[in-house]
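Inspection log for the structure reproduced underneath, given as structure tokens.
Every value quoted in this text rests on a predicted model; they were computed, and no experiment measured them. Side-chain atoms are counted along with the backbone in the values below, which use heavy atoms only and exclude waters and symmetry mates.
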Amino acid sequence: MDYSQLQYPSSKIPLLEAYEGRFNTAFIALHPFFRMPTSEDWKPVDSSTDYPDRPYIRCYGKPVYWQTIMNAIDCNDLRRFYKGMRTSISALNWEYEDKEMAELISEYTDQADIYHPMEGYFAPLLIDPITQYISDGQTNDLFYLEEFKEEPEVLSIEAAIQKDDQSWLRGSLFDVDVKRLATVSWDDFFTVIYGSRSELDSLLENKSLEGFFCNHQTLHTWCWQDKPIKPIYTR
């Protein structure tokens with residue numbers, strides 16, 4: 001198999017047409033905002049940044065849903081909210097920026113002591129459910145194809161989590177038969193999770209993920225598409 005074809009899909013085609021159409025369902029999982037406990041126990045001894053290290057986020061972070069923040073700032077369209085998020089990291093050309101939305105998000109999260117998700121990597125609060133989903137309880141091994149690499153490495157679930165804690169995973173994770181795949185792209189606050197509808201429904205029933213299912217028109221650039229989007233989420 002040419003594993004290089006399992007990198008993040010082209011932005012020019014609908015996400016469901018990627019990977020030669022081998023997957024019939026795709027879910028866009030939003031990287032969660034999160035809160036940290038007030039206790040000093042989670043803070044590293046030496047830190048040059050106020051942003052928590054990934055192991056601490058994974059162990060102590062409490063997810064905050066995008067919909068919660070959207071409700072708080074009176075935003076009813078995920079597309080505009082996402083443009084605000086992209087504006088906040090200077091990922092859009094100036095003519096496409098939504099500085100008003102970026103400021104509304106920042107003002108609310110600052111006041112509520114909420115941390116923003118990081119872009120371009122598997123989110124710490126998603127790495128556990130994603131690796132468990134890829135393994136499907138059948139094996140402890142999964143394939144990790146790092147961005148820009150042509151060959152994957154085989155990792156146990158524990159090794160993948162440890163590697164993620166140390167170096168941030170970006171690229172694709174998938175099983176040996178490529179029936180389940182998760183992939184993330186540079187400068188984005190979401191991970192696309194592929195599989196069958198029944199498998200993804202089961203994932204959502206058992207894990208606290210937030211996002212939306214792709215239809216046959218959903219592109220990587222979904223925030224510029226015509227119809228408003230509201231995220232679905234589970235608690």
Side-chain angles (χ1 to χ4, degrees), residues 1-33 66 70 75 77-99 101-102 105 116-123 126-127 130 133-134 143-152 164 168-175 178-197 200 203 209-232:
M1 172 179 283
D2 182 1
Y3 286 110
S4 66
Q5 300 303 310
L6 298 177
Q7 289 286 7
Y8 193 86
S10 166
S11 62
K12 298 179 181 179
I13 62 171
L15 290 168
L16 279 174
E17 292 182 11
Y19 310 119
E20 300 181 343
R22 73 164 52 232
F23 303 106
N24 61 31
T25 310
F27 183 79
I28 289 180
L30 302 169
H31 295 176
F33 292 77
W66 290 44
M70 289 171 64
C75 174
D77 189 348
L78 181 60
R79 297 173 306 170
R80 188 179 177 206
F81 190 92
Y82 196 72
K83 291 172 188 174
M85 290 294 291
R86 297 266 289 170
T87 299
S88 72
I89 59 168
S90 302
L92 298 176
N93 291 335
W94 66 269
E95 65 266 32
Y96 301 119
E97 291 182 334
D98 191 333
K99 292 185 178 180
M101 180 55 59
I105 296 170
H116 285 220
M118 292 293 287
E119 73 282 0
Y121 304 91
F122 289 107
L126 295 184
I127 194 66
I130 285 175
Y133 168 74
I134 297 298
F143 285 73
Y144 168 51
L145 182 63
E146 187 177 352
E147 187 178 45
F148 305 127
K149 296 291 181 65
E150 294 187 356
E151 292 294 327
D164 183 63
W168 301 77
L169 299 184
R170 179 167 61 233
S172 297
L173 289 166
F174 49 92
D175 67 302
V178 198
K179 293 182 177 179
R180 295 168 299 279
L181 180 145
T183 186
V184 66
S185 171
W186 180 261
D187 269 357
D188 280 298
F189 294 96
F190 64 88
T191 295
V192 187
I193 307 176
Y194 286 91
S196 71
R197 182 59 188 243
L200 285 166
L203 172 67
L209 302 185
E210 180 186 30
F212 60 94
F213 284 100
C214 298
N215 61 34
H216 288 283
Q217 288 75 48
T218 304
L219 298 165
H220 166 76
T221 52
W222 50 266
C223 66
W224 303 106
Q225 293 185 249
D226 293 337
K227 295 182 178 180
I229 299 173
K230 288 188 176 181
I232 62 172

Do Y8 and H220 have side chains that get closer than 4.5 Å, going by heavy atoms? yes
Just verifying a value: how many Å separate R170 CZ and S185 OG, rounded to the nearest 0.5 Å? 8.5 Å
H116: partners by side chain to side chain donor-acceptor pair (under 3.5 Å), with sequence neighbours left out: T109
Evaluate the side chain to side chain contact (heavy atoms under 4.5 Å, CB included) criterion for residues T218 and I28: first the C-alpha distance (whole Å), next the side-chain angles of each, then the deciding distance (0.1 Å), finally the verdict. CA-CA 10 Å; T218 304; I28 289 180; 4.1 Å; yes
In terms of heavy-atom contacts, F122 and G171 come closest through CZ-O, 3.7 Å
In Å, rounded to the nearest 0.5 Å, how long is the span from CZ of R180 to CD1 of I130? 13.5 Å
Does CD belonging to Q225 count more than 12 external heavy atoms closer than 6.0 Å? yes
Once rounded to the nearest 0.5 Å, what's the spacing between atom NZ of K230 and atom CZ of R79? 12.0 Å
May I have the step-by-step check of side chain to side chain contact (heavy atoms under 4.5 Å, CB included) for V178 and F23, ending in yes or no? CA-CA 9 Å; V178 198; F23 303 106; 4.0 Å; yes
First locate atom OG1 of T87, then atom CG of D98, and finally report the distance between them rounded to the nearest 0.5 Å. 6.0 Å
Before giving the answer on side chain to side chain contact (heavy atoms under 4.5 Å, CB included), spell out for L209 and Y133 the whole-Å C-alpha distance, their side-chain angles and the decisive distance to 0.1 Å. CA-CA 12 Å; L209 302 185; Y133 168 74; over 6 Å; no
Rounded at 0.5 Å granularity, tell me how far NE2 in H31 sits from CH2 in W66. 8.5 Å
Is there a donor-acceptor contact under 3.5 Å from the side chain of N215 to the main chain of Q217? yes
Grab the two heavy atoms, one from A29 and one from I193, that are nearest each other, plus how far apart they are. CB-CD1, 3.9 Å
Counting C-beta onward and ignoring hydrogens, is there a side-chain heavy-atom pair between P231 and F81 closer than 4.5 Å? no
Mind checking whether F212 and W222 have parallel, tilted or perpendicular rings, split at 30° and 60°? perpendicular
Do Y82 and D188 meet the criterion of a side-chain donor-acceptor pair at a distance under 3.5 Å? yes
F213: what forms a side-chain contact (heavy atoms from CB on, under 4.5 Å) with it, not counting sequence neighbours? T25, F27, R197, L200, D201, L204, I232
With side chains defined as the heavy atoms from C-beta onward, is the minimum distance between K149 and Y144 less than 4.5 Å? no
Near W186 CH2, under 6.0 Å, is it more than 12 heavy atoms from other residues, nucleotides or ligands? no
Distance (rounded to the nearest 0.5 Å) between M101 CE and D77 CG: 9.0 Å
For L30 versus L126, what's the shortest heavy-atom pair and its separation? O-CD1, 4.0 Å
Kindly give the heavy-atom pair with the smallest separation between P9 and L15, and that separation in Å. CG-CD2, 4.1 Å
Main chain of F189, side chain of R86: is a donor-acceptor contact present, judged purely on distance under 3.5 Å? no
Which atom of S88 lies closest to which atom of A102, heavy atoms considered: N-CB, 4.3 Å
Please report the C-alpha distance between W224 and L219 in whole Å, then the side-chain angles of each, then the deciding distance to 0.1 Å, and finally whether the side chain to side chain contact (heavy atoms under 4.5 Å, CB included) criterion is met. CA-CA 9 Å; W224 303 106; L219 298 165; over 6 Å; no
L6 and L145 have their tightest heavy-atom pair at C-CD2, 4.0 Å
Using a 3.5 Å distance criterion without hydrogens, assess whether the side chain of Q7 forms a donor-acceptor pair with backbone atoms of E146. yes
